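A quick note: this is a predicted structure, and the numbers were derived from the prediction, not measured. Note on naming: letters A, B, ... go to the chains in the order of the sequence lines (proteins, then strands), and numbering restarts at 1 for each one.
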Amino acid sequence: MHVGNARTGLFSWLFARHHGGTFILRVEDTDASRVTDEAIDILIDSLRWLGIDWDEGPEVGGPHAPYRQTERLDIYREKADALIAGGHAYHCFCTKEELEERRAAAMARHEAPGYDGRCRTLTDAERRAFEDEERPAALRFHMEDKEYTVHDLVRGDVHFAAGSLRDFVILRSDGSPTYLLAAAVDDLLMEMTHVIRGEDLLPSTPRQLAILDALGAPAHPTYAHLPLIVGADHKPLSKRHGSVAVEAFREQGYLPEALVNYLALLGWSKDESTTFLSRDELIEAFDLDRVSHNPAAFDTEKLEWMNGHYIKELQVDDLAARLLPFFSEAGVAVEPDVLSEAVPLINERMKFLPEAVELLRFLFTDDIRPNEKAAKLLAKAGPDYVRAAATALEAADPWTAEGIMAALDGCAEAAGLNRTKGWQPVRAAVTGSNISPPLPESLQLLGRERTLARVRSATG
RNA sequence: GCUCCCAUCGUCUAGGGGCCUAGGACGCCGCCCUCUCAAGGCGGAAACACGGGUUCAAAUCCCGUUGGGAGCACCA
């Protein structure tokens with residue numbers, strides 16, 4: 001699920017929750033060739049992960065079931081028949097090649113490239129000829145030659161001039177419905193009151209309005225079109241901008257609360273200064289009147305910062321639990337008790353969950369191989385200093401952060417080194433890295449025996 | 001090309017005629033703190049696209065220009 005869709009879903013959900021409405025999840029999979037069961041599962045998983053629940057829809061059911069459009073094909077055919085009977089739709093025999101040819105010609109004449117209405121005015125003889133040669137026919141909706149106005153909650157009234165909207169296909173030649181028909185029919189049948197979607201769908205709204213009218217809908221849903229989310233370069237957000245799928249953010253160790261908070265602020269704001277909003281605060285504060293009109297650039301750095309903030313805010317046990325999958329994925333067997341004690345040492349140095357694995361690996365494996373910088377530190381300190389450090393640590397009493405700190409300081413001082421210079425070789429020997437959680441606390445957690453073994457084996 | 005949408009720091013945004021020498025946040029820079037890395041604290045640079053109106057007064061209203069975006073599918 002693309003983050004743009006996630007943002008749209010979030011705004012819809014927040015709007016429904018804020019106003020005490022019913023949030024409906026409908027799977028629009030009328031192009032069966034592009035929608036797989038797996039894709040739908042991912043969509044549902046992603047929504048659940050974000051904490052977006054629905055009152056009607058797949059897996060929860062509801063009075064308007066089914067909620068998957070490919071399970072409602074009979075309904076669309078029936079409504080299509082009604083549109084034909086009412087003179088609102090007609091069969092179109094134009095082939096793909098013919099359409100493309102005429103489209104190109106229209107463009108060459110500097111005219112709008114939409115369908116020219118050819119088959120609407122077929123004579124009986126022409127129609128019969130097509131039928132006799134068994135040409136496949138699509139069903140087109142006939143747009144009236146009048147101005148359409150969309151009352152949009154974000155943008156106000158948007159007018160579409162008469163004649164600017166061409167006839168469009170509502171049933172493909174294989175009999176399957178297109179989005180325009182299916183969505184309009186379902187909005188009517190499911191008693192949809194509000195449709196919140198991306199701005200790219202704004203031009204399709206008058207077409208859906210026309211279908212609704214032709215179907216005799218007593219009222220229209222209220223529409224709200226959200227600004228698009230674009231990449232840092234202001235081009236449509238795509239893979240080349242990095243992660244765009246919610247699943248990818250989850251795998252990289254983003255917290256759903258961080259992503260939700262960040263997404264809420266893309267195109268909406270509570271006031272002039274509020275940055276952090278919990279789920280409940282969002283529901284409380286959210287409404288469409290504060291939705292921005294401009295496309296919003298997705299800023300990964302701000303999301304990262306926000307993720308770091310939410311990681312710091314997490315309770316220790318909660319964070320530890322969320323870390324577990326990342327350790328097991330990395331093949332590091334953790335001792336839960338040690339992890340819980342170590343979490344407070346690292347929670348404010350993380351932006352992503354998987355960072356914990358690198359920071360704490362040294363606690364859960366004795367297979368320490370110094371990285372390049374660690375090796376350099378050890379070489380520079382020399383075996384004599386490292387041996388002295390081992391001796392000092394052996395004598396540390398008690399084996400607590402305070403006791404260890406005193407031992408390390410004593411050792412550094414004896415060698416005429418400051419803390420930074422004196423401690424770094426020990427850090428390198430014990431963690432295999434130049435970067436680690438605070439050293440005394442780390443050693444305390446590791447235990448005296450394992451610490452000494454590592455320092456001694458680093459002498460050379 | 002045609003139709004529609006949009007225009008405040010690099011980015012997300014506040015602002016709706018006087019509270020604006022334009023506020024907040026990310027990022028950036030500097031300083032402080034400091035055992036590494038972070039986090040944190042303090043400070044700083046940084047924007048009303050342009051041109052015309054309207055008005056005593058315009059970032060705010062109107063028109064135009066320019067620039068960006070979306071749509072124009074037997075995709076959704």
Under 3.5 Å on both distances, the Watson-Crick or G-U partner of C4(B):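 C4(B) is paired, partner G69(B).
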Does NZ in K312(A) sit with more than 12 non-hydrogen atoms of other residues, nucleotides or ligands closer than 6.0 Å?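 Yes, the 6.0 Å shell around NZ holds more than 12 heavy atoms from other groups.
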Determine the contact category for R166(A): base if any of its heavy atoms lies under 4.0 Å from a base atom, sugar-phosphate if only primed atoms, P, OP1 or OP2 are that close, otherwise nothing.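 Since no nucleic acid heavy atom lies under 4.0 Å of R166(A), the category is nothing.
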Could you work out, with side-chain contact (heavy atoms from CB on, under 4.5 Å) as the rule, every residue matching A390(A), not counting sequence neighbours?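 Only V455(A), R456(A) meet the side-chain contact (heavy atoms from CB on, under 4.5 Å) criterion with A390(A).
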Residues forming a side-chain contact (heavy atoms from CB on, under 4.5 Å) with D397(A), sequence neighbours excluded: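 If we apply the side-chain contact (heavy atoms from CB on, under 4.5 Å) test to D397(A), skipping adjacent residues, there are no hits.
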D186(A) with K79(A): basic N within carboxylate O range, under 4.0 Å: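 No salt bridge links D186(A) with K79(A).
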Could you run through nucleotides 64-69 of chain B and give me one letter per nucleotide, 5' to 3': B if any protein heavy atom sits under 4.0 Å from the base, S if only the sugar-phosphate is that close, - if neither? -----S
Apply the test ring pair (Phe, Tyr, Trp, His ring centres under 6.0 Å) to residues F168(A) and F141(A): give CA-CA distance (whole Å), side-chain angles for both, the deciding distance (0.1 Å), then the verdict. CA-CA 5 Å; F168(A) 54 91; F141(A) 185 84; 5.5 Å; yes
Identify, with sequence neighbours excluded, every residue that meets side-chain contact (heavy atoms from CB on, under 4.5 Å) alongside A89(A).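 side-chain contact (heavy atoms from CB on, under 4.5 Å) list for A89(A), sorted by chain: L83(A), I84(A), L139(A), I170(A).
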S173(A) near the nucleic acid: base, sugar-phosphate alone, or nothing, with a heavy-atom cut-off under 4.0 Å?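 Base contact.
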So which nucleotide from C5(B), U13(B), G24(B) ends up closest to the side chain of K302(A)?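 So the side chain of K302(A) is nearest to G24(B).
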So what does S433(A) hit on the nucleic acid, given a heavy-atom distance under 4.0 Å: a base, only sugar-phosphate, or nothing?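 Here S433(A) touches no strand at all.
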By the 4.0 Å heavy-atom rule, please label D200(A) as base, sugar-phosphate, or nothing.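 Since only primed, P, OP1 and OP2 atoms lie under 4.0 Å of D200(A), the category is sugar-phosphate.
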Just jot down the side-chain contact (heavy atoms from CB on, under 4.5 Å) partners of L47(A), sequence neighbours excluded, or say none.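 By the side-chain contact (heavy atoms from CB on, under 4.5 Å) rule, L47(A) matches M1(A), L25(A), L43(A), I52(A), W54(A).
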Atom-to-atom span, CG of D174(A) to P of C75(B) - whole angstrom: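 Those two atoms, CG and P, are 8 Å apart.
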Identify, residue by residue, the members of residues 415-423 of chain A with a heavy atom below 4.0 Å from RNA chain B, and return them in order of residue number, or none.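 Output list: R419(A), T420(A), W423(A).
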Between U3(B) (P) and E147(A) (CD): distance, integer Å: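 To the nearest whole Å, that distance equals 13 Å.
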Tell me the partner of A59(B), counting only Watson-Crick (N1-N3 plus N6-O4 or O6-N4) or G-U wobble (N1-O2 and O6-N3) with both under 3.5 Å; none if nothing fits.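 A59(B) is unpaired by these criteria.
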Pair R140(A) + D167(A), salt bridge at N-O below 4.0 Å: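 Here R140(A) does not pair with D167(A) in a salt bridge, since their nearest N and O are not under 4.0 Å apart.
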Hey, is D318(A) close enough to R322(A) for a salt bridge, meaning N to O under 4.0 Å?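 A salt bridge links D318(A) with R322(A).
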Look at the side chain of H293(A) and decide which nucleotide, out of U36(B), C6(B), G27(B), has an atom nearest to it.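 Given the options U36(B), C6(B), G27(B), the side chain of H293(A) is closest to C6(B).
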What nucleotide among C6(B), C35(B), C72(B) has an atom nearest to a side-chain atom of P113(A)?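 Given the options C6(B), C35(B), C72(B), the side chain of P113(A) is closest to C72(B).
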Between C1' on A70(B) and CG on L226(A), what's the gap in Å once rounded to a whole number?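 Roughly 14 Å, once rounded to whole Å.
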Which nucleotide, C74(B), C6(B), G24(B), lies nearest any side-chain atom of N294(A)?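 Of C74(B), C6(B), G24(B), C6(B) is nearest to the side chain of N294(A).
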Rounding to an integer number of angstrom, what distance separates C9(B) and G24(B) when you compare their C1' atoms?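 Approximately 12 Å lies between the C1' atom of C9(B) and that of G24(B).
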Taking the side chain of R290(A) as heavy atoms from C-beta outward, which of C35(B), A14(B), C74(B) is closest to it?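 In terms of side-chain proximity for R290(A), the closest of C35(B), A14(B), C74(B) is A14(B).
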Please work out if G308(A) contacts a base, only the sugar-phosphate, or nothing of the nucleic acid, heavy-atom cut-off 4.0 Å.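 No contact.
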When the aromatic ring centroids of H194(A) and F15(A) are compared, is their separation below 6.0 Å?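 For H194(A) and F15(A), the ring centres are under 6.0 Å apart.
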Please give, in whole Å, the distance from A76(B) C1' to M1(A) CE?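 Answer to the nearest Å: 16 Å.
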Salt bridge (Lys or Arg N to Asp or Glu O under 4.0 Å) involving D409(A) - partner list, sequence neighbours excluded: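 For D409(A), the residues satisfying salt bridge (Lys or Arg N to Asp or Glu O under 4.0 Å) (neighbours in sequence not counted) are R419(A).
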Who is the Watson-Crick or G-U wobble partner of C9(B), with both distances under 3.5 Å?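 Across all strands, not a single nucleotide pairs with C9(B).
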From G40(B), C26(B), C74(B), pick the nucleotide closest to the side chain of L99(A)?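 Nucleotide nearest to L99(A)'s side chain: C74(B).
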Which nucleotide, if any, forms a Watson-Crick or G-U wobble pair with G43(B), using both distances under 3.5 Å?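 C29(B) is the nucleotide pairing with G43(B).
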If pairing requires Watson-Crick or G-U wobble contacts with both distances under 3.5 Å, which nucleotide is the partner of C37(B)?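 Answer to the pairing question: none, since C37(B) forms no Watson-Crick or G-U pair.
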Taking a pair as Watson-Crick or G-U wobble with both distances under 3.5 Å, which nucleotide is matched to A14(B)?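 Looking at the geometry, A14(B) pairs with no nucleotide.
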So, are R72(A) and D29(A) salt-bridged, with charged N and O less than 4.0 Å apart?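 Salt bridge absent between R72(A) and D29(A).
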For R140(A), report the nucleic acid contact type (base, sugar-phosphate, nothing); a contact means any heavy atom under 4.0 Å.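 Result for R140(A) = sugar-phosphate.
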Measuring only the C1' atom in each nucleotide, how far is U8(B) from C50(B)? A whole number of Å is fine.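 Comparing C1' positions in U8(B) and C50(B) gives a spacing of 15 Å.
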Which parts of residues 390-412 of chain A get close to RNA chain B, meaning a heavy atom less than 4.0 angstrom away?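 Within residues 390-412 of chain A, no residue comes under 4.0 Å of RNA chain B.
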So which nucleotide from C75(B), C74(B), A7(B) ends up closest to the side chain of D31(A)?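 Taking heavy atoms from C-beta onward, the closest nucleotide is C75(B).
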Under 4.0 Å, heavy atoms only, any strand: does R34(A) hit a base, just the sugar-phosphate, or nothing?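 Base contact.
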Return the set of residues passing ring pair (Phe, Tyr, Trp, His ring centres under 6.0 Å) with F286(A) (not counting sequence neighbours), or none when no residue passes.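 With sequence neighbours excluded, F286(A) shows a ring pair (Phe, Tyr, Trp, His ring centres under 6.0 Å) to F11(A), W268(A), given in chain and number order.
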With a 3.5 Å cut-off and sequence neighbours excluded, list the donor-acceptor pairs that the side chains of residues 348-355 of chain A form with protein atoms.
| from | atom 1 | to | atom 2 | distance (Å) |
| --- | --- | --- | --- | --- |
| R349(A) | NE | L345(A) | O | 2.9 |
| E355(A) | OE1 | K351(A) | N | 2.5 |
| E355(A) | OE1 | F352(A) | N | 2.7 |

Do you see a donor-acceptor pair shorter than 3.5 Å between the side chains of R427(A) and T431(A)?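 T431(A) and R427(A) do not have a side-chain donor-acceptor pair below 3.5 Å.
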Check this one for me: any side-chain N or O of T30(A) less than 4.0 Å away from OP1 or OP2 of A76(B)?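 Answer yes for this pair, as a side-chain N or O of T30(A) is under 4.0 Å from OP1 or OP2.
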Nucleotide nearest Y179(A) (side chain, heavy atoms from C-beta), chosen from U36(B), A76(B), U13(B):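 Out of U36(B), A76(B), U13(B), the nucleotide with an atom closest to Y179(A)'s side chain is A76(B).
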What I'd like to find out is whether the side chain of Y115(A) reaches to under 4.5 Å of the side chain of C94(A), using heavy atoms alone.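 Y115(A) vs C94(A): side chains touch.
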Rounding to the closest angstrom, what is the interatomic distance between G69(B) and C12(B) at atom P?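 Going atom to atom, P in each nucleotide, I get 14 Å.
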Return the set of residues passing ring pair (Phe, Tyr, Trp, His ring centres under 6.0 Å) with F298(A) (not counting sequence neighbours), or none when no residue passes.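 Partners of F298(A) by the ring pair (Phe, Tyr, Trp, His ring centres under 6.0 Å) criterion, ordered by chain and then number, come out as F249(A), Y262(A).
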Just compare C5(B), A25(B), C75(B) and give me whichever is closest to any side-chain atom of T178(A).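 Nearest listed nucleotide: C75(B).
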Shortest side-chain distance from L439(A), nucleotide among U36(B), C35(B), C4(B):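 Shortest atom-to-atom distance from the side chain points to C35(B).
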Would you measure the distance from the C1' atom in C75(B) across to the matching atom in A38(B) and give it in whole Å?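 Comparing C1' positions in C75(B) and A38(B) gives a spacing of 46 Å.
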Do any side-chain nitrogens or oxygens of R427(A) fall under 4.0 Å of OP1 or OP2 in C35(B)?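 Negative; the distance criterion is not met.
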Counting the atoms with a prime plus P, OP1 and OP2 as sugar-phosphate, which does L265(A) contact under 4.0 Å by heavy atoms, base, sugar-phosphate, or nothing?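 Since only primed, P, OP1 and OP2 atoms lie under 4.0 Å of L265(A), the category is sugar-phosphate.
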In whole Å, what is the span from the CG atom of L277(A) to the C1' atom of U13(B)?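 It is 13 Å, rounded to the nearest whole Å.
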Which part of the nucleic acid, if any, lies within contact of H159(A), taking any heavy atom under 4.0 Å across all strands shown: a base, the sugar-phosphate backbone alone, or nothing?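 Sugar-phosphate contact only.
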Sorted by number, the residues of residues 346-362 of chain A with heavy-atom contact under 4.0 Å to RNA chain B: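 Nucleic-acid contacts, sorted: E348(A), R349(A).
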